[in-house]
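The structure appears right after this line, and notes come after that.
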Amino acid sequence: MATNLAQKPTASADEHVPASLESVVIRFAGDSGDGMQLTGTQFTHSTALMGTDLATFPDFPAEIRAPTGTTFGVSAYQINFGARRVLTAGDQPDVLVAMNPAALMTNLDALKTGGTLVVDTGSFNDRTLAKAGYTSNPLEDGTVAPYQVIRLDISRMTMESVKEFGLSNKEAMRCKNMWTLGLMLWMYGRQRQSVVDWLRGKFAKSQQLADANIAAVNAGHAFGETAELAGDLSHFTVGRADVAPGVYRTITGAESLALGLVAGGKLAGLDIMFGSYPITPASTLLHQLARLKEHGVVTFQAEDEIAAICSAIGASFAGSLGVTSSSGPGIALKGEAMGLAITTELPLVIVNSQRGGPSTGLPTKTEQSDLYQAIYGRNGDAPLPVIASSTPGDCFEVAIEAVRIAVKYMTPVILLTDGYLANAAEPWPVPDFDGLEPFPVQFETNAENFSPFTRDPKTLARNWAIPGNPGTEHRIGGIEKDFVTGNISYAADNHQLMTDTRWNKILGIADDIPLQEITQGDAAGDLVVVGWGSTFGPIYRAVEQSRAKGLKVSQIHVRYMWPLPKNLGELLKGFGKVLVPEMNKGQFATVLRDNYLVDAVRLNQVNGQPFKVSHLNQVIAETVG
Amino acid sequence: MNELSPQKLTAKDYATDQEVRWCPGCGDYAILKSVQKTLADLEADPANTVFVSGIGCSSRFPYYMATYGFHTIHGRAPAFATGIKLANPRLDVWMVTGDGDGLSIGGNHLLHVLRRNVDIQILLFNNEIYGLTKGQYSPTSRPGTRSPSSPGGSIERNLNPCNFALAAGARFVARTVDTDQKHMPDILKRAHGHRGASFVEIYQNCIVFNDAVFADFTDKKAAPERQLRAEHGHRLVFGANSEKGLRLNRDKVAIEIVTIGENGITEDDILVHDETDALLAQMLVTLDGPGAPVVVGVIYCNPVETYDGGVARQVEKAKAAKPNADMKELLFAGSTWTVG
Ligand SMILES: Cc1ncc(C[n+]2csc(CCOP(=O)(O)OP(=O)(O)O)c2C)c(N)n1
Ligand code: SF4
Ligand SMILES: [Mg+2]
């Protein structure tokens with residue numbers, strides 16, 4: 001389905017002139033069983049189709065089916081959308097939709113004072129209040145006094161709206177989220193068609209369920225339109241963001257990463273063998289790629305993460321591009337095999353969708369605490385390139401870059417993303433694939449004087465001869481190899497030479513990556529805020545606001561974590577102070593201090609949430625002094 | 001004009017120039033020779049052949065084969081082999097592992113490569129000891145094995161590799177002996193001919209750390225009385241004059257050892273080997289007790305679709321359904337909108 005916004009009449013046909021807003025943050029919160037993630041993604045989709053810029057933050061519990069009504073079973077989805085460029089999911093919601101007491105209990109604190117609270121009163125009774133930990137009803141005891149509260153018996157109105165379809169009580173209650181979605185679509189002048197299309201597809205097997213859910217959406221929408229609560233339910237519109245012309249789609253980090261890997265494979269002229277073992281939040285990538293067999297992608301759900309990476313290395317040995325993916329605990333298991341890929345000098349892409357650690361940690365919450373593990377975490381002197389993506393859309397480019405470096409330098413590459421990027425959505429200008437530079441792999445086929453460790457003098461990459469080719473039969477393995485012949489060698493000098501060579505090969509990649517740019521601001525000033533990964537949005541916004549206040553602050557956002565861009569140290573020298581906000585205990589700050597002897601100031605947060613712009617603003621102001 | 005008769009390939013054609021570094025007298029030498037001879041007999045294309053191994057004395061094997069070879073990490077060879085087959089199903093992949101490599105650290109991977117039925121040959125060199133790390137007991141060491149890590153004798157019960165393979169769902173299970181230069185190539189050829197994961201346990205003597213553990217049935221003199229060579233369609237007999245055999249005790253659903261001509265036993269009482277019978281296979285590999293022989297040969301062979309074959313089938317199907325699948329289409333999939 002393609003929509004052309006330029007030719008489209010105004011989305012809303014309502015008579016009254018809606019209040020226009022620059023941007024709005026809405027958080028949908030309810031029980032895991034209430035379908036809040038679906039409500040959120042459908043609202044997002046509809047919003048994106050209208051050309052509004054947006055960023056989202058899905059936040060769900062680790063338990064698959066936590067007991068109904070409990071606070072730890074609350075699932076939330078936050079969207080920030082607006083007429084200006086939106087870079088974060090928003091610090092504080094302007095609107096909170098709470099589907100039950102537990103959702104209110106866990107989310108009310110986040111709501112802006114004076115913000116709008118939409119609450120399903122039908123879900124409030126003695127039992128559910130007690131389950132959420134309330135001793136008195138917050139809707140009556142003054143708890144919600146600081147907010148504009150819209151009390152609606154959504155449960156009853158949903159039941160009413162789907163009565164004619166003869167659903168069971170349980171099925172009917174499941175439509176609550178669609179009723180709520182309908183209401184919110186009305187409030188913000190979003191169109192309903194994409195939701196209707198999606199419901200028809202989702203319930204293709206049951207006309208009854210499709211009709212009921214659509215009726216619920218329409219009923220919620222109609223309620224907004226006709227309610228006599230005009231004072232409460234004022235209709236807001238959010239305009240279109242001023243974005244560059246082009247064709248857009250919404251995309252999550254996991255989706256764009258999958259597309260980037262496939263594109264990288266095509267640009268290299270290689271099939272992809274993706275070995276993985278399920279783990280949150282990395283599994284999404286496995287699911288995405290498993291559906292792309294017609295694009296030369298084979299996925300292998302291995303018995304564990306070790307088998308996953310080993311199968312990928314085996315595939316690379318045989319001439320495919322091996323790719324493996326996991327999160328921290330699984331990446332830890334892959335360490336020994338990474339060493340083998342490093343010493344046998346085989347291309348490999350290792351994706352780490354970081355999450356809270358250590359051990360199982362916070363599986364569904366985001367963190368960037370695996371940087372040490374990525375750069376340093378192997379036995380022996382085992383260097384490999386590390387690159388990090390910073391937005392959902394950026395995952396596409398970074399994935400292609402990972403493939404390019406892996407095949408050009410015959411090395412494993414670690415690609416760092418995180419749980420937030422994997423699940424968050426943003427509008428994405430669809431790239432022009434034909435405009436991308438191919439980097440076709442040339443396998444070594446010449447049998448004359450063949451040695452598997454003959455190197456390209458410039459890149460130091462060894463050649464790549466694959467089974468099936470006569471005359472280039474060779475044996476490789478983890479034991480140290482002779483620099484010339486590639487045969488086993490225990491010679492001391494040779495080990496020194498090989499270690500140095502592997503090291504220099506990786507460091508040499510710095511000559512082949514773009515110089516670091518100042519992401520925002522001037523090349524000199526009082527402070528530079530250095531970030532990497534998914535903190536891009538909040539840092540950008542904070543630096544922008546600080547600059548507007550007149551502070552001499554700039555931003556540097558790094559993609560190439562190892563080796564670092566050649567000019568990074570020089571750039572840092574242009575500033576009085578260096579501030580490094582990270583969702584960990586200061587890992588990149590350590591790397592910067594180690595490499596450049598700079599007095600990097602750490603700003604660390606590991607509460608499973610993205611940085612708040614307001615918090616960053618405050619720290620920036622304090623640091624500038 | 002003289003017509004050049006093609007030279008018959010020999011074991012030497014598959015040997016590398018690398019110095020073989022096993023201890024003198026190690027059973028691995030004999031296995032290497034048998035494998036090289038097998039490839040020569042099969043006229044295997046070295047360019048299309050890959051030897052993959054884990055870590056251990058046995059896992060040094062690929063360095064000595066003039067084919068493609070990958071000496072990987074401890075226990076994980078099955079996963080590498082799987083990846084190789086998924087990348088290029090046409091390759092002929094042989095995996096070499098040890099009792100420690102395949103059944104301790106790599107037990108899980110071995111289980112899954114067998115269960116998935118990846119089309120490779122798996123040679124497990126069982127010397128009932130960790131050779132490379134200087135002689136600690138292994139999962140196949142018999143209880144009471146004295147070793148540096150079990151000076152008072154090991155107190156663990158030992159694992160039966162073929163029984164493990166059968167339980168894992170292997171569709172080809174065979175056994176042979178390192179020094180049996182006639183038997184082994186035959187078994188290896190059968191393994192090679194089988195489509196799917198072929199599991200071959202090879203009793204291998206570690207002369208340094210576990211010498212003669214198998215001597216009671218591998219010694220030339222003892223072999224006829226103590227080894228039973230199973231062959232499909234033939235009676236399960238052994239002994240110097242094939243006078244002993246296996247009979248099914250129907251009351252106990254167990255196998256008993258009988259002598260033809262004694263107690264009215266005739267040849268007709270002896271079980272006929274059916275290599276497609278999983279229950280029989282299990283009884284043969286676990287045969288135990290007084291007078292019980294060690295069963296060697298192809299014990300189970302019952303092919304089903306291979307994993308790599310199934311994957312290739314799904315890929316073909318997907319490609320046939322979308323013959324023009326290209327990147328652009330993929331990028332523009334779903335709902336898009338145009339700005340400007
Ligand atoms: C991760 C790891 N752990 C331990 C070792 C040490 N190690 C090497 S081989 C081996 C045991 C080998 O036994 P087996 O597989 O029976 O091979 P054999 O030497 O007897 O042929 C051990 C424990 C290792 N190389 N890697
Ligand atoms: S230690 Fe044993 S298995 Fe290893 S090479 Fe020596 S004899 Fe062979
Ligand atoms: Mg052993």
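Reminder, nothing fancy here: chain letters follow the sequence lines and each chain counts from 1.
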Checklist outcome for this item: Here the gap from A/I488 atom CD1 to B/R60 atom CZ, rounded to the nearest 0.5 Å, amounts to 5.0 Å

Item to check | Structural part of A/P427 lying under 4.5 Å from a heavy atom of chain B | outcome: both

Checklist outcome for this item: In short, B/A47 meets A/P470 closest at the heavy-atom pair CB-CA, 3.5 Å

Next on the checklist: Measuring only between side-chain heavy atoms, which start at C-beta, is B/F332 closer than 4.5 Å to A/V247?
Outcome noted: yes

Item to check | Per-residue contact mode, B/L91 against chain A (heavy atom under 4.5 angstrom) | outcome: side chain

Checklist entry - How about B/N88 and A/M273: do any of their side-chain heavy atoms sit closer than 4.5 Å? => result no

Item to check | B/F172 CZ: over 12 foreign heavy atoms closer than 6.0 Å | outcome: yes

Item to check | Engaged part of A/H474 at the chain B interface, taking heavy atoms whose separation is under 4.5 Å | outcome: both

Checklist outcome for this item: With chain B, the option among A/A318, A/C310, A/A337 that has the most non-hydrogen atom pairs under 4.5 Å is A/C310

Item to check | Whether A/F317 and B/Y68 hold their rings parallel, tilted or perpendicular, with breakpoints at 30° and 60° | outcome: perpendicular

Item to check | Exercise: identify the closest heavy-atom pair between A/G296 and B/K319 | outcome: N-CE, 4.4 Å

Checklist outcome for this item: Most heavy-atom pairs under 4.5 Å with chain B, out of A/R291, A/E255, A/E303, A/E336, belong to A/E303

Checklist entry - Do B/T82 and A/F300 touch side chain to side chain, with heavy atoms closer than 4.5 Å? => result yes

Checklist entry - Quick one: does B/L330's side chain get under 4.5 Å of A/F433's, heavy atoms only? => result no

Checklist outcome for this item: Under 4.5 Å to a heavy atom of chain A? For B/T72 that would be both

Item to check | Contacting region of A/A308 [heavy-atom separation from chain B under 4.5 Å] | outcome: neither

Next on the checklist: Can you tell me which of B/H109, B/Q314, B/K322 forms the most heavy-atom pairs within a distance under 4.5 Å of chain A?
Outcome noted: B/H109

Next on the checklist: Please rank B/P46, B/A312, B/G106, B/A320 by heavy-atom pairs under 4.5 Å with chain A and give me the top one.
Outcome noted: B/P46

Checklist entry - Out of B/A325, B/G69, B/A81, B/G75, which one racks up the most heavy-atom pairs below 4.5 Å with chain A? => result B/G69

Next on the checklist: Heavy-atom cut-off 4.5 Å, strictly under: side chain, backbone, both or neither for B/E316 against chain A?
Outcome noted: neither

Item to check | Inter-residue atom distance B/M327.CE - A/L436.CG, 0.5 Å rounding | outcome: 9.0 Å

Checklist entry - Heavy-atom distance under 4.5 Å to chain B: side chain of A/T472, backbone, both or neither? => result both

Checklist outcome for this item: The interface call for A/A312 against chain B, heavy-atom contacts under 4.5 Å, is neither

Checklist entry - With respect to chain A, which residue among B/T67, B/L86, B/V50 yields the maximal number of heavy-atom pairs within a distance under 4.5 Å? => result B/T67

Item to check | chain B contacts, top residue of A/G478, A/P245, A/G246 (heavy-atom pairs, under 4.5 Å) | outcome: A/G246

Checklist entry - Where does A/T250 contact chain B at under 4.5 Å (heavy atoms): side chain, backbone, both or neither? => result both

Checklist outcome for this item: Highest number of heavy-atom pairs under 4.5 Å with chain A among B/A77, B/P323, B/G83 belongs to B/G83

Item to check | Heavy-atom proximity to chain B below 4.5 Å, by part of A/D271 | outcome: neither

Next on the checklist: Between the side chains of A/D434 and B/K328, is the shortest nitrogen-to-carboxylate-oxygen separation below 4.0 Å, so that they form an ion pair?
Outcome noted: yes

Checklist entry - Side chain of A/R249, backbone of B/L331: donor and acceptor closer than 3.5 Å? => result yes

Item to check | Winner by heavy-atom pair count (cut-off under 4.5 Å) against chain B, out of A/H295, A/R475, A/K293, A/K266 | outcome: A/R475

Item to check | Close side-chain approach of A/I476 and B/H71, heavy atoms under 4.5 Å | outcome: no

Checklist outcome for this item: Given A/I251, A/V298, A/I309, the one with more heavy-atom pairs under 4.5 angstrom with chain B than any other is A/V298

Checklist entry - By a 4.5 Å heavy-atom criterion (distance strictly below it), what part of B/R115 contacts chain A: side chain, backbone, both, or neither? => result neither

Checklist entry - Of the listed residues (B/V315, B/I73, B/D17, B/N48), which shares the most heavy-atom pairs with chain A below a 4.5 Å separation? => result B/I73

Checklist entry - If we only count heavy atoms from C-beta on, is the A/I313 to B/F70 side-chain gap below 4.5 Å? => result yes

Checklist entry - Can you say whether B/Y307 sits under 4.5 Å from chain A via the side chain, the backbone, both, or neither, judging by heavy atoms? => result side chain

Next on the checklist: Does any backbone or side-chain atom of B/D92 lie under 4.5 Å from a heavy atom of chain A? Answer side chain, backbone, both or neither.
Outcome noted: neither

Item to check | Interface moiety of B/T16 toward chain A, non-hydrogen atoms closer than 4.5 Å | outcome: side chain

Checklist entry - Would you call B/K317-A/E294 a salt bridge at under 4.0 Å N-O? => result no

Checklist entry - Which bit of A/L346 comes within less than 4.5 Å of chain B, counting heavy atoms only: side chain, backbone, both or neither? => result side chain

Checklist entry - By a 4.5 Å heavy-atom criterion (distance strictly below it), what part of A/P452 contacts chain B: side chain, backbone, both, or neither? => result neither

